[in-house]
Amino acid sequence: MSEVRTRFSPSPTGSLHLGGAHTALFNWLIARHFHGTFILRIEDTDRERSQERFVDEILEAMHWLGLEWDEGPYRQMDRMPVYQDYINRLLANGSAYYCNCPPQDAKARQAAMARGEKPKYDGHCRDLNLPPGPDTAVRFKTPQTGVTHWDDEIKGPIAFDNQELDDLVLLRADGIPTYNFAVVVDDLSMGVTHVIRGEDHIPNTPRQIVIYEALGATPPRFAHMPLMLGKDRAKLSKRHGALSIMAYRDQGFLPYALVNYLARLGWSHGDQEIFSRQELIDYFALDHVTKSPGVFDIEKLLWLNSHYLKEMPAPELARAVTPFLAGVGITDPDQDYLAKVVPTLSARSKTLVEMAEAARFYFLDPRPYEAKAAQKFLSPASVPHLQEVAARLKALPEVSEEALNQLFAALVQETGLKMVNLAQPVRVALTGKTASPGLFEVISILGREETLRRIETAIEYAEQGKSAQ
Ligand code: GLU
């Protein structure tokens with residue numbers, strides 16, 4: 001096979017969402033699988049709806065996901081001379097003509113659709129041989145008979161009757177190309193070999209193929225991906241908890257969890273769920289992409305996210321959680337300290353946001369204690385136990401998890417108390433809660449001095465309870 005060239009060509013009329021990222025990923029994977037080239041192209045010819053901030057956001061999201069491109073980002077608005085060149089070719093070979101009919105407005109299109117007809121151009125200027133003028137558009141002379149078909153890499157054979165197609169505008173009177181024309185010119189001139197995009201583009205494909213044919217060019221291979229649905233099988237939207245890619249970042253998802261999640265949506269490799277990046281590249285192929293839509297499942301995404309949080313080396317995880325700590329009042333945390341903290345939290349957090357929240361007590365006073373926890377475990381009755389733990393902790397030659405284990409085991413034996421009755425008051429004193437990472441881990445990370453300080457504070461709190469009674 002000659003070099004494989006794929007492209008992702010978003011329109012900057014909104015943020016990059018899951019559907020777009022899914023398309024981008026499949027194109028990226030095919031390019032990487034075949035050691036080919038992945039092109040990024042910004043389709044910004046919709047002047048009213050395109051915005052520069054969306055271009056920036058899309059590029060940021062692509063970087064964040066790690067979907068690096070090899071060429072681009074090309075911008076269609078920078079390529080006007082190329083489109084003009086192809087228009088000239090089509091005019092010269094009789095496949096296009098000038099047309100001065102007023103653009104069909106939205107109302108007329110809606111009226112046609114209401115009558116159950118496809119809104120079609122009536123071909124008024126097709127044989128008039130009009131010269132160019134200030135208000136002339138260029139239309140394509142669509143073949144009026146025959147069938148246009150292709151063998152879709154995902155959907156299989158698809159055919160359209162040419163009668164269903166009308167003479168579409170290629171270049172508007174303002175000189176800006178329409179989507180179907182610009183895409184053909186770009187894919188052709190950029191040597192794109194595989195067009196992989198959402199199945200909502202299937203009706204555009206015959207329109208594009210006839211333009212390739214008029215240019216004497218071979219169309220690329222087409223692969224139309226099933227769309228993503230919500231659990232109720234309706235088109236995926238905010239309602240289903242689907243967010244923009246940047247919103248997933250802000251909610252504490254790891255980019256690779258999202259990549260792994262999206263790769264498995266509509267594609268499978270046996271029963272495997274967890275893939276390294278290299279495995280995805282090695283195994284990914286269009287013939288294992290399903291025809292039916294993928295259903296977005298946030299629980300599965302959370303499961304993958306917690307998996308990758310657990311897998312991440314501590315220093316890297318510390319760096320990843322740092323921006324989220326600011327949200328709970330911890331700025332510029334010591335990275336070595338944080339690298340000790342995060343492994344104690346990674347099994348208990350599904351997102352970096354949850355992890356930051358859970359990390360709070362390692363940095364800040366755990367008060368106010370959780371009301372129920374304090375009521376149950378910081379009562380006057382717990383004061384002697386807390387005092388005893390403090391006294392023994394002071395005397396410990398070295399604070400290690402092993403030594404703490406022995407300390408508590410001895411206390412249990414000597415007092416006849418249950419471990420939970422000894423440990424829980426200390427846990428609440430240190431973390432403010434009844435559930436936390438392992439107590440001995442917490443004490444070793446906080447250190448003897450801070451642990452004793454927090455136990456003292458808890459004793460005072462518990463004694464106040466006594467005097468209040
Ligand atoms: N710009 C189009 C879109 O955002 C993509 C067109 C294509 O992939 O051919 O839907």
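Counting convention: from 1, in listed order, for ligands and their atoms alike. Computation of the quantities below employed the complete heavy-atom set of this structure, encompassing side-chain atoms and omitting hydrogens, waters and symmetry-equivalent molecules.
Judged by distance alone, the side chains of Arg427 and Ser436 do bring a donor and an acceptor atom under 3.5 Å apart. With 3.5 Å as the limit, one finds a donor-acceptor pair spanning the side chains of His201 and Tyr179. There is a side-chain donor-acceptor pair under 3.5 Å between Arg197 and His224. One side chain, His240 or Asp232, offers a donor N or O that lies under 3.5 Å from an acceptor on the other. Side-chain N/O atoms of Thr178 and Asn180 include no donor and acceptor closer than 3.5 Å.
Between Ser9, Pro12, Gly19, it is Ser9 that holds the heavy atom closest to atom 5 (C) of ligand 1.
At the shortest separation from atom 8 (O) of ligand 1 among protein heavy atoms lies Arg7 NH1, 2.7 Å. Closest to atom 10 (O) of ligand 1 among all protein heavy atoms lies His201 NE2, 3.0 Å. Atom 1 (N) of ligand 1 has Glu43 OE1, 2.6 Å as its closest protein atom, hydrogens excluded (heavy atom only). Looking from atom 6 (C) of ligand 1 to the surrounding protein, the closest heavy atom is Tyr179 OH, 3.2 Å.
Both tests hold for Arg139 against Tyr121: distance to the six-membered ring centre under 6.0 Å, angle to the ring axis within 45°.
Counting atoms of ligand 1 from 1 in the listed order, those under 4.0 Å from a heavy atom of Arg197 are 7 (C), 8 (O), 9 (O). Proximity to Ser11 (heavy-atom distance under 4.0 Å) selects the following atoms of ligand 1: 1 (N), 2 (C), 3 (C), 4 (O).
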